[in-house]
Every structure is written in C-alpha cells, then in structure tokens.
Amino acid sequence: MYYEEQQNDIEFERQSPLAYNNYNTFNNQQQNQTNQFENQNQYDDESLIIENPLDQTPIQVMIRVRPQFNIDSQSALKIVDNNTIYINNNENVHSFKYSRVFKPSDSQETIFKYVCEPILQHAIQGYNASFLVYGQTGTGKTHTMGLHQNNLLEEPGMIQHSLKFLFDHFNNSQLNPEDWSISLNFLQIYIEEIFDLLNPNGQKLQIREDSESNEVYVQDLITVPIKNIDQAIKLIEAGLNQRMLGPQNMNQYSSRSHTILNIYVNQRISYSEYIVSNIAFVDLAGSERIKKSNSTGIRMEEAKKINSSLSALSNVISLLGNSNQQYIPYRDSKLTRILQNCLNSQSKISIIGTIEPSEENSFETQSTLLFASRCQDIQFLPQQNLQNIFTMNSDPQEEIQNLKDQIKYYQNKIKKMSSSISSDGTKFAKQIIETLKKPFTKLGRNLKQAQKMNEQLHSQMKNKKNVQYEPLGLYQAKIPFEEMMQMISDGKEQEFLNLFEQSFEDIFQKYGQISLELEKLKEINLANQSQKAEDHQQLTSSRPNTKLATELIEYYSGFSQTLLKQLLESEQIADTNEKYLLEKIEEFNQQTQVKLKDIVKKHNIKELIQYVDTFNQTNYEKIAKSESYRVKQLVLQLKRKIEEIAQKNNDKSNTNVKDFLEKQRLINEKKFMIKQSGTPLNNSQIVVDNRSSMSVRSNSSSNNLTQQQQNQTQINSIPKGPSNLKQMMNDLNQRKKQQSISQVNENQENFSSQQDDNYSSNNINNSQSKKQSSTPIHIQRVKILNEDLIEKNPQNNFETNKLTEQNSNIAKTDKQNISEKKTVQQANQNLNKEIQFDRSSSSGSNKLDYNTSSLSPIPQEQQLNSQLKSGNFYKKIQKYSPFTDN
Ligand SMILES: Nc1ncnc2c1ncn2[C@@H]1O[C@H](COP(=O)(O)OP(=O)(O)OP(=O)(O)O)[C@@H](O)[C@H]1O
C-alpha cells in the first residue's frame, strides 16, 4: 500500500514537473491535518519542508551553497527561493529546482533539522535511510557530514547531530535500556577496494550476499556497539586517521575515497520481534575534472575510479524512481553494491549536492546541479534561457544582502573562535610543559655532573697550599612538572606562570653559580703556578657552560620550531606555498639561534627569560589569532565590497535619475510641441512664419516623397535660429552622442559599419530616431493649423502616436540600442554554435537545419528561444556527463 502511494507520487511528479511546487503545498496542507509529528510544526512556516517523510517520494535532493571564499571572483549563482537556483555558466543562465536550496548562511543545525530529522523519525520506525553528499572537491561535503578530523566536536555536522538525536530519543523513550542498541561501522572505498576504517590492519574486504535474505554485507567488517555519543566520536576519530586524503589541486585536504558510516538501530518491539534499521552516511569523494585538477599517476587512477563509481551511483538512483525498471545495476560499482540495502525504493534517500558560488568553477557547479537533477528523477523543469533578461547579481540590494549574510556567518565564526581562545590557552600551556620537560631534565642532569666535577676540583684545591676556596653549594635543580600540570588542569594559569618563571630562574641561577665557581677555580688555578698543564686543560674543557649553552640552544630551537609549526599550520590556508614555508622556518631558526647564543654567552638570565616571554606571547597570540585575524580581514573586505556596491549603485541611480528627469523633460516638451501642432512632423508641411511664428499643416495627401525624404526636406526647410527648443535639441543630441561614446568605451563594443547597416535596416524605428536625433532641428514656434483634422482622422491620430513613439525613441539611449544589438549578436552566435554542434553530433533528432544566412537576427533569436523552451537545447547539455573528461 505504502509502495503504491509512493509510486503515485513519483508518477505525479513525472507527469507534471511544473506542478511540483503545488504538489508540495497541497501535500503539506493534507499533512497539516494528519500530522503525526508534532515536533515538526516549528517548520510549518516553510511551505516546502519535508513534513512527513512517509508520504514523500523516497528521494529528496537538495543543494547546499558553501560561502564564497574567493570574494574577488564574481558569483555565478543566484538563489531565487528555497527551491530554485540560477547558474550563469558564461554563456547562458539556467534554472534548477530542488526539494530545497540551502544558502551559504544556513547553519549545520539547519541542515540537520531539514534534512536528517524527518528521515531519522522514519528510520526509528524500522526503515533504512541514507544521506549522501555529492559535489566538486572543496565544496563542503565533509563539512556537511561533520567528518573533519580535528573538528568532530567543534563543528558538528549531520552525523554528530543524528547520533545525538538517536541517543536522546532512546534515552527518553519508554524502552528498557536492554531493548534497544545502536552500533556502527565505518569503511572507505578507495580505488574500488574496501577497507575497514575501524580495523587498522588495513586488509581489503569483500562484498558478500546472504543467500537467504539476499542482503548485501561486507565480510569481516567490524561493527561496534556504542553506548553514548562520546564513544561514537572516539571511534569515528580513530577511523578518520585511516582515511585516504590526498593533496589535491582544488582542496588541500581532499578526500580521495568514498567514506560510509553505517549506524544500525536495533529495537525489540515485542517478546520475540526486533526491528533493525540501517542509516548510512555517505561522504562521497570529490568529483573533479581530471584535466582541471592536473591529476597524474595514482591521482589520475583515483579520479577515474571516483568518477566511474559516481556515474554508477547516478544511474542507480535515477532508475530507482522508474517503476517499470526491473533491473537496477547495483553491481556496476562497489559503492552502489554496498549501498544496495539503503538505495532502494523502500528506503529514504537524501542527497545533498554541495556547490560554491564562484564563477571560475561554474562548469563544475553546473555538473553537480545536473547530477542532482538527474537523481531526483524529476524531469528538468523547462529551462528558461534567461540571457539578457537579467544579469546575475544585477540587483545591488540583493548582492548587498548576500554579502551581509556572509558577514553574519563570519562574525559568528569569530565569536566562536574568541570563546575557544582561552581553551586554546590551556592547550598551549600544556604543550609548553611537554616541550620543556625534556630539555629541563637534561639541564638537571648537566647540573648534577657539573656539581660532581666541582666537588672533585674542590677536593683537589683543598689539597693545594695557599688556596682560599669555599664551594658555593649544591646545584641540583628540581623542576616541579607534575605540580605545573596540575595548575594548568585547574585553570590556575597565573600560578603556573609564576612557578614556571621561578623554576626557570632557579635553574639558571644554579647554572650561573657553577659558572662563577669555575671562573673562580680557574683564577685560583692560574694563580697557583704549581698547577699542572693538564689540570688546567681539564678545568677549561669541563666547563659546563658550553654544554649548557648547546642544550639551551637545542631546546629553544626545538621549542620554537614547535611553535612555528603551529603558527604556520594555522596560516596555511592563507599561504600554501611549501617552499615559502620552509624558507620561513629556516630564516626563523637562524634568527632565534643567533639571538639565543648571544644571550647565553652573556649569562644574562633576565634577558633570556624576557626573550622567552615575549617570544611565547607574540607567537601564542599569533597562533590563537591568526585564524580569527584572517576571518576579520575577510569581513572587512566584505564590508568594503558592500560600500563599493552601494556607492556604485548610488552614483548610478543618481545619474540615472538626473538623466531620466532631463530626458523626460525634453520628451515632454517635444510631446507638448507635437500635441500643440496636432500633426506629426514627418507627415506634415511646415509653414514658417518669418516673423517668429511657424505653422504646421496636415499633409497626408501629398505623399510622393518617401517618409525619410520628407522628414529631411521638412527639417531642412526650418530656418536656423536660436531658440530654447533648438538649444534643448542640440543639448539632447550632444548628450546622446557623448553617452553613446562613453557607453561604447565602457563596454568595449566595436560594431562594424556593416553590422550597423544590417541592424538599422532591420530596425527602422531605431534608425529613424538615430537620424532624427543627429539632425539639428530649428523650430521657433509651432502653431496648430487644423486641430479638427487630428481629432477626427484616426489616420492622423495613428501617425501622431507613431511620431510620439519615434520621438521618444530619440530619448532612448544608445545603450539600449547596443544591448539590443548584443542580444541579436549573441543569439546569432549561440545559434551558430548550436548548429555546429548539431552538425557534428550523430543524433539526428535534435538536428537543426537552419540556413543561417537566410535568417534575420530577430527570427533567429526567436527560434533559439523557442528551441530552448521546447527543451531541445537542454537535452544537448544533458548529453554531457559530469564524469567524463571532455
Ligand atoms: N558550509 C560551509 N561553511 C563554512 N565553511 C565550509 C562550508 N563548507 C565547506 N567549508 C570549508 O571549506 C573547506 C573545504 O570543505 P570540505 O573539506 O568539507 O570539502 P569537500 O567537498 O569534502 O572536499 P573533498 O571532496 O576534496 O574532500 C573546509 O575548510 C571547510 O571547513
């Protein structure tokens, strides 16, 4: 029964893709009456939210747009509403519709609420479910899943939220703890081989099928029962350490394998009955074009396998929705085979295509959008070619809003960062101690040796005559590491710093004492002429100074390297040039060593401590803040961009308004003049009253001359002389000319005279307005000769309107002309491309048999548009497979 309902849903969508919105709204209305899931009511305001997954289609396809990192690049995307997105792929603008389009500002929590929660509700009733993230490398698949190795708890994604949801659900349920359990396994498919991420011995695993239940399973894959979310996180963390990552041109930490985390929910529903549901979280490897990523060798092999398995996945998913399809090619790839239990029409499948806005990746973005469309098995909605209807981001307010959203997102990130700085501080202090432990212990050992040696010398001295010498005391220094650690754990940072400084000073004082003592011994020795040469030798070489100095330098460079490494790691996002980093480390080490050697030589403990302090402080601050600094910079840049856009918009609208008002004024005057005359200029005889009056007489009967000739004659017959109107017309002509020049300059447009001619012959109105506007008109006063004629004669009215129209054309800027020409040119180009494409294509069905030369520009454009509307154009785009490297 349920299956039948689902099939009906699918059929409905297939028959009427356009009605998808209505269907959802209708569906929501129905569900509102019988909504079993009270806790989902909070999303009722969103009309297209999945309210009750049981009544929905098995596949939900969504798009998540990542924030744009490269803000210098133009955005190729426009999110129209919760379901629609436009992409501008440089040639055309295409529209796509999905169950949901998530904006860059949508949080991880929002994704969980909309994508996972309804499906998990379904899963805990015993159904299988799968969540898949698909997209170009670096667009946020791993982020969406929450599988970034060091961020499992800091930026929880779908997995962490889902685990929490499941544990919360069962802990608060009526079920006895022994009647439910959750377990998980974690695997990766790398170059078509399966590896268990929870089993470090790295054996390749095989897929098997249970002969009785026909269930597919991975042999020897370890499934671990988990009691709480902490255990789960630890397991996932351990698994992620084994995941295949590869430095990829497009993403530094690119995942080169498909990763599948299976969560199994077991529930005992009666004395003898259990239900088990399998929820699969699939982080697909990043799709990429091999050419663009410059992959070679093993990377190329990886990329090929990734692309072919993604292709198989797309096939399987698109066939699932087809009720007539008997055979689903699960065996085409390991990915589809493993997911067989969750990828079927009885399970819930949720696919998120991840994309990013920048223009340079628009090709890949379009591939993801096409893949997603194909998966939802809903025919593409009629693809409007929106070219020249709107320009991407043409609305500055919208662009500003978009940037503001981004700022909000980054400001939240900064807030989070600053709250984590103090915990970073504790982490950092612990690291310092760990780093210090070794060199301090060594220093302690050195001191012991020095003390021993000193005692020896002391006894030697004692035996010598005339020597006045008292040893200074014990030199052994104990560093209270345990105590320090405790202080850090208790958050007593100040106390720790005091103790640290004190111990440090203590050890250096002792070091100083030894030096002093040895100096003294040396003096005595030298004073004692009887001292043998070898005694002297022994004394000098055994000075612990050198040893200590070396130790110190070693310790400091080790320590500083650790700091530097952290610093550079946090800066890596900003600069990933490895050579540059190595040089920086080298330079830094040299500087530190020189400085330290210098300090050690001087035995200046205070300076040394000071140096360490400032060094630590500046570096620590840098480490802790470099990331937030980067983000702050980004926010600043975004704000500047907003100002720029607002400024531009202001300037533009100001000039637009001024221009518009001026033009309006001139046009009105002209209209007024014509109205007063009652007869259009081009169809009347103008009688000039030399005593500053001019009469216009209807001339509809005297039509021997062509319209243009008449105009010209009439205009030429107007006596030249200064007047306001003349001035105005001249001004208008002048301004139009200037506007046209600047417009042309601005757009770098160069139309050949040939094109101009062609164009003007096809556009009489424009050519006339051009000619009229470029001819100075000298009118002093216009007098109506025959008012009645105009009122009574419809022909005259028509002509008046026509002239008014022509005159208003004068005020049309050349910009419009240019853009119209552009439309025509572009349409021509597109059509030519299409025709070429079709000629080279073997498929005859879409073949266009246009004779380009016989077509005037405007009909060509119409044909192209109708072709686009009928879907032919789109079908061709569909032929492109996102996985083949063209
Ligand atoms: N929605 C988002 N908001 C903020 N940052 C994001 C978002 N999506 C991705 N990122 C950041 O972008 C970078 C790349 O994301 P991620 O590694 O998740 O991409 P991916 O698609 O999994 O790439 P690959 O396929 O190469 O593994 C990461 O630093 C991640 O934190």
Side-chain angles (χ1 to χ4, degrees), residues 62-71 77 79 101-112 114-115 131-152 154-160 188-190 240 243-261 281-290 292-293 295 299 302-303 305-307 309-310 351-358 361 364-365 367-368 371-372 405-414 416-417 569-574 576 627 630-631 634-635 638 882:
M62 287 151 276
I63 293 293
R64 184 179 195 186
V65 183
R66 196 200 70 185
Q68 187 169 340
F69 296 153
N70 177 7
I71 65 156
L77 298 176
I79 301 171
V101 176
F102 293 105
K103 300 185 291 293
S105 54
D106 283 330
S107 66
Q108 299 278 72
E109 288 78 10
T110 310
I111 306 288
F112 166 74
Y114 290 155
V115 182
F131 299 96
L132 296 101
V133 281
Y134 170 89
Q136 187 200 356
T137 183
T139 48
K141 297 180 295 297
T142 310
H143 175 84
T144 302
M145 278 292 166
L147 285 179
H148 269 303
Q149 213 150 350
N150 302 320
N151 274 341
L152 279 180
E154 279 154 33
E155 283 212 70
M158 296 206 299
I159 291 175
Q160 293 88 328
Q188 73 172 341
I189 308 169
Y190 177 65
L240 285 176
R243 194 182 179 185
M244 282 291 171
L245 294 175
Q248 234 273 337
N249 267 4
M250 325 278 295
N251 181 9
Q252 182 73 8
Y253 301 104
S254 179
S255 20
R256 307 313 300 142
S257 62
H258 304 303
T259 311
I260 304 173
L261 179 87
F281 291 87
V282 189
D283 182 4
L284 294 165
S287 64
E288 56 172 283
R289 274 198 297 160
I290 297 171
K292 187 162 178 177
S293 59
S295 305
R299 296 271 167 258
E302 281 170 1
K305 292 284 191 235
I306 290 170
N307 289 349
S309 58
L310 290 174
I351 297 167
I352 301 183
T354 56
I355 55 176
E356 68 103 10
S358 59
N361 289 328
E364 288 76 8
T365 305
S367 288
T368 305
F371 174 89
D405 282 352
Q406 285 196 41
I407 290 186
K408 219 194 251 164
Y409 164 81
Y410 285 118
Q411 275 171 342
N412 279 340
K413 199 163 180 170
I414 294 175
K416 264 193 199 165
M417 273 176 190
E569 265 169 18
S570 67
E571 273 178 3
Q572 233 165 35
I573 312 163
T576 47
E627 178 63 10
R630 194 181 69 85
V631 179
L634 205 62
V635 170
L638 288 168

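Counting convention: from 1, in listed order, for ligands and their atoms alike.
Between Thr354 and ligand 1, no pair of N/O atoms sits closer than 3.5 Å. In terms of polar-atom proximity, defined here as any N/O pair under 3.5 Å, Thr137 does make such a contact with ligand 1. Below 3.5 Å of separation, one finds an N or O of Gly140 facing an N or O of ligand 1.
Residues Ile306 and Ala285 approach most closely at CD1-CB, 3.6 Å, considering heavy atoms.
Of the possible donor and acceptor atoms, none in the side chain of Glu364 sits under 3.5 Å from a partner among the backbone N and O of Glu356. With hydrogens and angles ignored, the 3.5 Å screen pairs no side-chain donor or acceptor of Lys141 with any backbone N or O of Thr354.
Under the rule for a side chain to side chain contact (heavy atoms under 4.5 Å, CB included), the partners of Pro156 that lie at least two apart in sequence or sit in another chain are Gln160, His161. The side chain to side chain donor-acceptor pair (under 3.5 Å) search around Thr110 returns Ser107, not counting sequence neighbours.
The side-chain heavy atoms of Pro104 and Ile79, taken from C-beta on, include a pair separated by under 4.5 Å.
For ligand 1, the atoms lying closer than 4.0 Å to a non-hydrogen atom of Lys141 are 18 (O), 19 (O), 20 (P), 21 (O), 22 (O), 23 (O), 24 (P), 25 (O). Atoms of ligand 1 lying under 4.0 Å from at least one heavy atom of Gln136, given by number and element, are 21 (O). Shown in contact with Arg64 at under 4.0 Å from a heavy atom are these atoms of ligand 1, numbered in order with element: 1 (N).
Distances from ligand 1 to the non-hydrogen atoms of Glu356 include no value under 4.0 Å. Residue Thr139 places a heavy atom less than 4.0 Å from ligand 1. Residue contacts with ligand 1 include Gly138, since one or more of its heavy atoms lies under 4.0 Å from the ligand.
Proximity of Pro67 to ligand 1, defined as any heavy-atom pair under 4.0 Å, is confined to the side chain (atoms from C-beta onward). Heavy atoms of His148 found under 4.0 angstrom from ligand 1 belong exclusively to the side chain.
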May I have the step-by-step check of side chain to side chain contact (heavy atoms under 4.5 Å, CB included) for Tyr114 and Asp106, ending in yes or no?
-> CA-CA 11 Å; Tyr114 290 155; Asp106 283 330; 5.9 Å; no
Kindly determine whether Met158 and Ile352 satisfy side chain to side chain contact (heavy atoms under 4.5 Å, CB included), including the steps that lead there.
-> CA-CA 11 Å; Met158 296 206 299; Ile352 301 183; 4.0 Å; yes
